[in-house]
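Okay, structure first, notes after.
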There are 2 protein chains.
Amino acid sequence: MATDQNPPRPAPVNVIEATRAAYQDLRKSERKVADILLSDPRQLLPATLAQTAEFAGVSQPTVIRFCDAIGCSGFQEFKLRLAHSLALGTPATHSVLSGADDLGAVVQKVFDYTITSLDWARNHLDLTALEEAVALLGRAGAIEFFGFGASGIVARDAQQKFPLFGAPCGAQLDSHQQIMSASMMRPGDVAVVISNTGRTRSIVEIARTARASGAKVIGLTGSDSPLAAECDVKLVVETLDNTNIYTPTISRIAALVVIDILSTAVALRRGPEHQERFRQMKRRLNDLRFGSEP
Amino acid sequence: MATDQNPPRPAPVNVIEATRAAYQDLRKSERKVADILLSDPRQLLPATLAQTAEFAGVSQPTVIRFCDAIGCSGFQEFKLRLAHSLALGTPATHSVLSGADDLGAVVQKVFDYTITSLDWARNHLDLTALEEAVALLGRAGAIEFFGFGASGIVARDAQQKFPLFGAPCGAQLDSHQQIMSASMMRPGDVAVVISNTGRTRSIVEIARTARASGAKVIGLTGSDSPLAAECDVKLVVETLDNTNIYTPTISRIAALVVIDILSTAVALRRGPEHQERFRQMKRRLNDLRFGSEP
DNA sequence: CCCAGATTTGTAGCATACTTACAGGGACGA
DNA sequence: TCGTCCCTGTAAGTATGCTACAAATCTGGG
């Protein structure tokens, strides 16, 4: 019961995304169905085939053909996938924020966007690379996290999890101190270099420096990039990108979750005595918070 | 099309949670269905009524009665809800991490847990309070964010979003500087006090101090708590809590998303000239990253 | 220990929903 | 203008989900 992992996820492709993608290739009447789906996906959720056909103003077989066209084997599968997609939220492309949105809309859209992106990131994680990263971190003498801006937040967060990593952790956010830190690393140490773009010059330099010092380098980045080329292990955390300037940066949240995974996995590999020390640490932290008297 | 908000979410109750909750009240044969569902929910996703009945070794009407018992109006609705639940991830109670889990399992569980919790947080956000917070932040002269530990990360992240808030933002993570900052605040300023527990003594003190200085205080906390009592606006971000020590702290991620919502909403209320300045800022940041030559 | 009532479970039939085969109709090219 | 091809709807068939009813089981009292 502890190992119920990796059953084939329903289908990695979002139905609504698929519809948008296939729209060009659809026939005229099929597009009517697509329009209904794109304009208000939620009303189709409880709808039956006949109702869907009526909404779109087409016949039932047309709806079936539409399902087929976007890669579903039938109406039933379509509805299942639709439910899946809607649970994750109306897709990002539909959730472009505008000044006309009221607060409720902003809430839904930001959550939708975040959750959809996380699901996307999950399905695009490279398990092999992750495995290597866990192995490196598990036997690291010391760990340094590097990052700027939003990625600096992630670095700091990772550093705060050092009790889980079980090794001394540092996080450098200032570029001078980053260079110093990277230069001083030694064989056996691990540098985790975080950059969403992976193209910021100074961060690439850091990776190079750390590696020259003999440390292993793990790169946490949003896409294959110059940074990845300088790393021993590249963790690519893909996220949906939305050009809207107001779209909150999801990348840092996905990166935080990856950090959670890394720290958890490393901690789980350690023995029970490590868990005991961890438990004690938590207790003492609690005392600090509320005072130690009852 | 810009205002498609708040359609009634399919059903705020997770089918699997509901099954677990109702398990005691189920009849013997219905429990067989429940057992199948709980042991491997995913196999039921594509299954038909007949197949489900066969899996459980009961008759079809029994399955229907089971659906009814856990609050679904029929098998169809059950399957829809199941798809929804599974999309968000196998529920937290099932995802307790153990040393026996391999990396794939850790990945799935951490993502499941994060996504489920975010969905939960979304459904429990108080829109009215959020509205008040946005109003306060929108006309703030200056904004200070306070937080310790993991909440400190959130505070720092919020501070980095100051271009969106359109006001000078600070983030104090050291308790002495927090006191100093809080004391120096003035009427028209807004303090955002972040604490998952809402019970850490010094953070409550900060809220009190800031308020005494004439600032408005927004509390961002995980539950109704002593901190909430000291605030003008309380934003309660409920998250699923799991006692397992390895369970990553979801609270900070939910808090980050709320910060995203606040910053986005405030920015959207500002005029187009603010958006233009924001765009320019992004462009210059880009130049800094990659160098300004082509 | 047995019987009556209630409760639970399975059987059978019905209505509905999904799918497939086929034929009409329209667009395009010759 | 005719013929071909592609698109779309009609109609029939199949399977699926639901409901009424009857058999079986359990419970409690005599």
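Below, chain A is the first sequence line, B the second, and so on; all start at residue 1. For clarity, every value in this text was computed on a predicted model and none was experimentally measured.
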Is any side-chain N of the basic residue among A:R122 and B:D112 closer than 4.0 Å to the acidic one's carboxylate O?
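Here A:R122 pairs with B:D112 in a salt bridge, since their nearest N and O are under 4.0 Å apart.
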
Kindly give the heavy-atom pair with the smallest separation between B:Y23 and B:R31, and that separation in Å.
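Where B:Y23 meets B:R31 most closely, the heavy atoms are O-NE, 3.3 Å.
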
Donor-acceptor under 3.5 Å (A:T62 side chain, A:V58 main chain)
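Flag not set: sc A:T62 to bb A:V58 has no pair under 3.5 Å.
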
Please answer whether the main-chain N or O of A:T264 pairs with a side-chain N or O of A:K161 as donor and acceptor at a distance below 3.5 Å.
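Not confirmed, A:K161 side chain does not pair with A:T264 backbone.
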
Can you build the contact string for nucleotides 7-18 of chain D? Use B for base contact, S for sugar-phosphate-only contact, and - for no protein heavy atom under 4.0 Å.
SBBB-----SBB

To the nearest Å, give me how far apart CZ (B:F66) and P (C:dG10) are.
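Computing the B:F66:CZ to C:dG10:P distance gives 15 Å.
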
We want to know whether A:T114 and A:S117 form a side-chain donor-acceptor pair, criterion being a heavy-atom distance below 3.5 angstrom.
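No donor-acceptor contact under 3.5 Å links the two side chains.
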
